Protein chains: 2
Amino acid sequence: MPQSAPKMKDVAKLAGVSIKTVSRVLNNEPHVKEELRDKVKSAVEELGYVPSANARSLRSNRGYTIHFIIHNNRSNYVNAIQAGIIKACQDNGYQLIVSMIMDSQNLSKKQIEEKLSRLPTLGVPDGAILVSPLSNDERINTTLKDMGVPIARIGPNDIDDDQIEVKINEREAAREITQYLIDSGHTRIGFIRGKEDQNATIERYAGYKQALLDSRILLDESLVYSGNFEFEGGLKAGEKLLDMEKPPQAVFAANDDMAAGVLSAAHRKGISVPSELSVVGFDDSEIADKMWPTLTTIRQPLLELGETATNLLIARSQKLSGIEPQKYLPHKLVVRESVKQPAHID
Amino acid sequence: MPQSAPKMKDVAKLAGVSIKTVSRVLNNEPHVKEELRDKVKSAVEELGYVPSANARSLRSNRGYTIHFIIHNNRSNYVNAIQAGIIKACQDNGYQLIVSMIMDSQNLSKKQIEEKLSRLPTLGVPDGAILVSPLSNDERINTTLKDMGVPIARIGPNDIDDDQIEVKINEREAAREITQYLIDSGHTRIGFIRGKEDQNATIERYAGYKQALLDSRILLDESLVYSGNFEFEGGLKAGEKLLDMEKPPQAVFAANDDMAAGVLSAAHRKGISVPSELSVVGFDDSEIADKMWPTLTTIRQPLLELGETATNLLIARSQKLSGIEPQKYLPHKLVVRESVKQPAHID
DNA sequence: CTGAAAGCGCTTACAG
DNA sequence: CTGAAAGCGCTTACAG
């Protein structure tokens with residue numbers, strides 16, 4: 001049996017100082033002689049001492065925790081972000097606590113408050129991280145702010161305040177991938193929108209329009225359908241697009257799931273991708289390289305998004321100055337097989 | 001500003017009892033008169049009192065936390081399980097703490113101990129939940145046991161002790177889906193194995209063999225390839241299988257990712273699925289219904305797996321008796337489009 | 001069946 | 001620059 005874990009008292013005894021000095025060293029406070037500091041550090045090392053987060057939180061009423069609040073899972077998306085959050089937490093000695101608020105739309109304000117009020121039982125968290133759709137939920141944001149919990153939102157959203165936001169430039173990314181389609185020789189390009197109330201839909205559509213404008217291609221609204229960000233939506237929109245008298249040469253679906261639907265629609269109709277139809281998506285989700293053909297799409301740095309949000313939140317809780325609330329991270333065009341390339345001319 | 005959260009003291013005052021009585025009611029201890037119990041409960045309700053997990057843990061040295069320790073993400077799989085864990089935690093007033101141990105193979109025993117020793121900073125957790133591949137890591141299991149942390153493992157694994165295990169009957173599920181292929185008129189059925197050192201591979205292969213045996217179909221080892229549970233592996237194995245002089249009529253890939261690879265191999269060769277080749281997978285992962293054609297596969301009740309593991313862990317930590325350490329949950333054959341059905345005879 | 005006292009392991013003022 | 005005392009909000013023995 002392992003004997004009971006060492007306490008701060010034990011470290012103090014071994015180092016020959018008071019526990020207060022140990023506490024100071026551990027919290028990187030100033031006003032400790034280098035010599036004592038070193039002694040304490042060796043004692044910590046020797047005993048394998050790990051501070052009790054509970055005792056610490058209880059006294060200081062800070063959680064040394066980051067809360068990640070998720071909706072029903074957006075699967076790969078949420079998961080990759082979570083990996084980044086965990087990484088940043090571990091780097092900084094924080095614990096990650098994950099909770100879930102399902103169908104927040106159907107909860108009363110009181111229920112939301114109740115849900116969130118259980119959150120600080122381990123001390124007031126140093127921050128809460130929200131992703132869509134919760135990041136867009138007015139009541140969740142307000143309740144957290146009222147509780148004094150700093151928020152970091154990941155991804156596109158519609159709320160305008162001084163909380164931290166980390167995201168990619170969706171509009172620019174959408175413009176780029178549309179431009180790629182144009183550069184590959186396409187002019188009749190369909191677009192499938194996502195959920196109508198989401199900023200991601202608006203931004204990606206704006207990027208699509210921008211690229212057309214840049215190349216002086218007239219926007220043809222009959223080539224634009226809505227697909228709700230879901231496979232089924234993409235499938236149906238794809239079928240309509242392909243049934244047109246003059247179908248598009250390429251389709252830009254506002255996310256990968258819908259792009260998968262377009263691919264299915266094409267296969268069902270015996271239309272070959274990419275030789276007869278080019279398709280691109282957005283997200284580079286788990287399915288993107290497992291389709292046939294593999295999907296050209298936009299990759300968001302999901303892990304880095306989570307990591308950055310967490311680091312900013314921690315920095316802010318430590319009252320470091322000069323933290324910009326808005327941060328854009330670079331995206332990347334991932335070229336695979338789903339776009340037809342112009343015949344090579346030697 | 002919200003005034004500071006109510007304490008047990010406040011509840012006691014409002015209910016007109018000692019704080020000890022409040023504590024007893026909150027912890028469902030016996031020996032409290034119904035009348036007082038009700039008074040306390042109303043007071044808790046009225047004040048919206050939520051106990052401080054920190055204070056509680058500090059005194060009792062229990063965490064009221066469940067730790068979910070994950071490897072690099074197995075994406076949808078881990079995510080769905082996590083949703084179940086969160087649900088059970090919330091139902092029982094526990095918090096979920098997630099940590100990650102990457103490439104445990106390359107860590108020294110000491111590093112693993114160090115990683116895990118940070119785990120009980122919020123009080124000794126009531127349990128740790130492990131999924132493959134960490135659930136198979138001898139050193140992680142041993143270290144947790146030495147720390148006195150009960151373990152629940154989800155999914156197939158190779159360790160034999162009295163810790164909790166929740167899983168489906170992989171062998172039986174594999175037998176069923178193979179039988180489904182046979183019932184659909186196939187006799188030449190290829191099999192693609194997963195990672196060779198994993199129990200899942202062994203069990204699923206055993207189920208495949210059993211079904212063949214049951215139908216007196218001779219096992220043809222030339223129809224069995226290895227694919228490492230990955231898309232690429234499935235693609236390559238699929239190509240080899242389809243290049244055979246006498247290719248199989250159907251392929252059972254030991255997971256969906258590999259099945260996606262087989263579909264791609266078929267498409268690339270212009271072989272139509274399911275009319276010329278039937279394909280089935282295992283997992284019903286996120287991609288299964290986004291392929292073309294959609295994939296017939298086995299669904300594990302992932303959310304329930306996580307939920308059950310957590311509930312058992314909590315029950316065990318409360319020393320409830322009669323908890324069976326091994327629990328099998330029902331799987332389900334999900335029939336979609338990737339298997340050819342015999343021509344209907346009127 | 002109920003309660004007053006002690007204490008979990010830290011950090012927060014406060015002194016020196 | 002360092003330390004002795006008090007206290008965070010609960011639960012654990014212990015009494016009655």
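As the structure is a prediction and not an experimental result, all values here were calculated from the model.
D/dC1 is paired with C/dG16 under the Watson-Crick or G-U wobble criterion, all donor-acceptor distances under 3.5 Å.
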For a side chain to side chain contact (heavy atoms under 4.5 Å, CB included) check, start with the C-alpha distance between B/Leu116 and B/Ile101, then their side-chain angles and the critical distance, and finish with the verdict. CA-CA 9 Å; B/Leu116 292 177; B/Ile101 298 187; 3.9 Å; yes

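A donor-acceptor contact closer than 3.5 angstrom is absent between the side chains of B/Arg153 and B/Asn136. Between the side chains of B/Arg56 and B/Asn27, a donor-acceptor pair is found at a separation under 3.5 Å.
A residue-by-residue look at A/Ile19 and A/His31 shows that A/His31 has its nearest nucleotide of DNA chain D further toward the 5' end. Each of B/Thr21 and B/Ala55 has a nearest nucleotide on DNA chain C; the 5'-most of these lies closest to B/Thr21. A residue-by-residue look at B/Asn54 and B/Arg24 shows that B/Asn54 has its nearest nucleotide of DNA chain D further toward the 5' end.
Ion pair A/Asp161/A/Lys145 flagged as a salt bridge, since at least one NZ, NE, NH1 or NH2 atom sits closer than 4.0 Å to an Asp/Glu carboxylate oxygen.
Inter-residue side-chain proximity for A/Val40 and A/Val17 is flagged as met; some heavy-atom pair is nearer than 4.5 Å.
Among the atoms of the strands shown, only primed sugar atoms or phosphate atoms (P, OP1, OP2) are found under 4.0 Å from some heavy atom of B/Tyr49. Base contact: A/Lys20 has a heavy atom under 4.0 Å from a base atom.
Here CG of B/Leu96 is found 8.0 Å from OG1 of B/Thr310. Values are rounded to the nearest 0.5 Å.
The span of DNA chain C lying next to chain A, judged by atoms under 4.0 Å from heavy atoms, is bounded 5' to 3' by C/dG9 to C/dT12.
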